[in-house]
Amino acid sequence: LKSASSRLRPSFVAVPILPVDAVQGRFLLIMGTIMDENRIFCAEQINVPPELPDILKDFTKAVIRENPAAGEADTSVARMKLFQWSRDYFKKKLAESKS
């Protein structure tokens with residue numbers, strides 16, 4: 001819960017309000033969150049590239065085939081190995097697509 005709350009820190013935006021205190025030039029701080037600005041109300045607002053399902057399918061097959069964290073007893077180390085392998089996998093795919 002702590003990590004979720006750290007991602008939802010409010011952002012402050014200074015908005016001039018007239019004629020509340022135009023002489024002093026004060027600003028009213030309006031609190032909002034990044035989530036409010038990027039709120040999704042329906043599935044149609046989510047843009048999924050048509051090639052994404054095939055990319056994820058190929059990636060999943062490669063992870064199962066390679067099993068990058070095989071034999072690792074420590075879950076933290078196993079997770080890190082998977083992350084590093086995934087990074088390398090997508091770097092390789094990017095290089096292949098550019099050539």
Side-chain angles (χ1 to χ4, degrees):
L1 187 63
K2 186 175 181 180
S3 63
S5 64
S6 65
R7 286 182 279 148
L8 300 176
R9 290 189 183 139
S11 57
F12 295 91
V13 179
V15 179
I17 302 297
L18 300 174
V20 174
D21 198 355
V23 177
Q24 297 274 333
R26 294 186 183 176
F27 293 92
L28 175 65
L29 293 178
I30 298 176
M31 187 173 79
T33 64
I34 294 171
M35 283 184 56
D36 291 339
E37 295 168 10
N38 298 322
R39 186 175 240 165
I40 295 175
F41 294 98
C42 62
E44 288 77 19
Q45 288 178 284
I46 301 171
N47 182 18
V48 178
E51 61 275 1
L52 183 61
D54 289 334
I55 292 170
L56 292 177
K57 184 177 178 181
D58 293 341
F59 171 71
T60 303
K61 287 180 178 181
V63 168
I64 293 169
R65 210 174 16 254
E66 298 286 327
N67 197 5
E72 188 57 58
D74 185 355
T75 57
S76 296
V77 174
R79 189 174 301 141
M80 186 57 65
K81 284 184 176 182
L82 177 62
F83 293 157
Q84 291 169 342
W85 182 89
S86 300
R87 177 202 58 212
D88 296 340
Y89 173 86
F90 284 111
K91 279 185 175 182
K92 179 182 167 192
K93 289 292 183 182
L94 180 62
E96 289 172 2
S97 71
K98 287 184 176 181
S99 59

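Every value quoted in this text rests on a predicted model; they were computed, and no experiment measured them.
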Side chain to side chain donor-acceptor pair (under 3.5 Å) partners for E72, two or more places apart |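 By the side chain to side chain donor-acceptor pair (under 3.5 Å) rule, E72 matches K81.
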When rounded to the nearest 0.5 angstrom, what distance separates CG in L82 from OH in Y89?
->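 The OH atom of Y89 is 12.5 Å from CG of L82, to the nearest 0.5 Å.
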For A69 and A78, which heavy atoms make the closest approach, and how far apart are they?
->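 Looking at all heavy atoms of both residues, the closest pair is CB-O, 3.5 Å.
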By ring pair (Phe, Tyr, Trp, His ring centres under 6.0 Å), which residues pair with F90, not counting sequence neighbours?
->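 Ring pair (Phe, Tyr, Trp, His ring centres under 6.0 Å) list for F90, sorted by chain: F59.
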In chain order, what residues pass the salt bridge (charged side-chain N to carboxylate O under 4.0 Å, His left out) check against K92, with sequence neighbours excluded?
->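 Salt bridge (charged side-chain N to carboxylate O under 4.0 Å, His left out) check on K92 returns nothing, list empty.
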Without placing hydrogens or testing angles, list every side-chain donor-acceptor pair under 3.5 Å for residues 43-55, not counting sequence neighbours.
residue	atom	partner	partner atom	Å
Q45	OE1	F41	N	2.5
Q45	OE1	C42	N	3.1

side-chain contact (heavy atoms from CB on, under 4.5 Å) partners for K61, two or more places apart =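 K57, R65.
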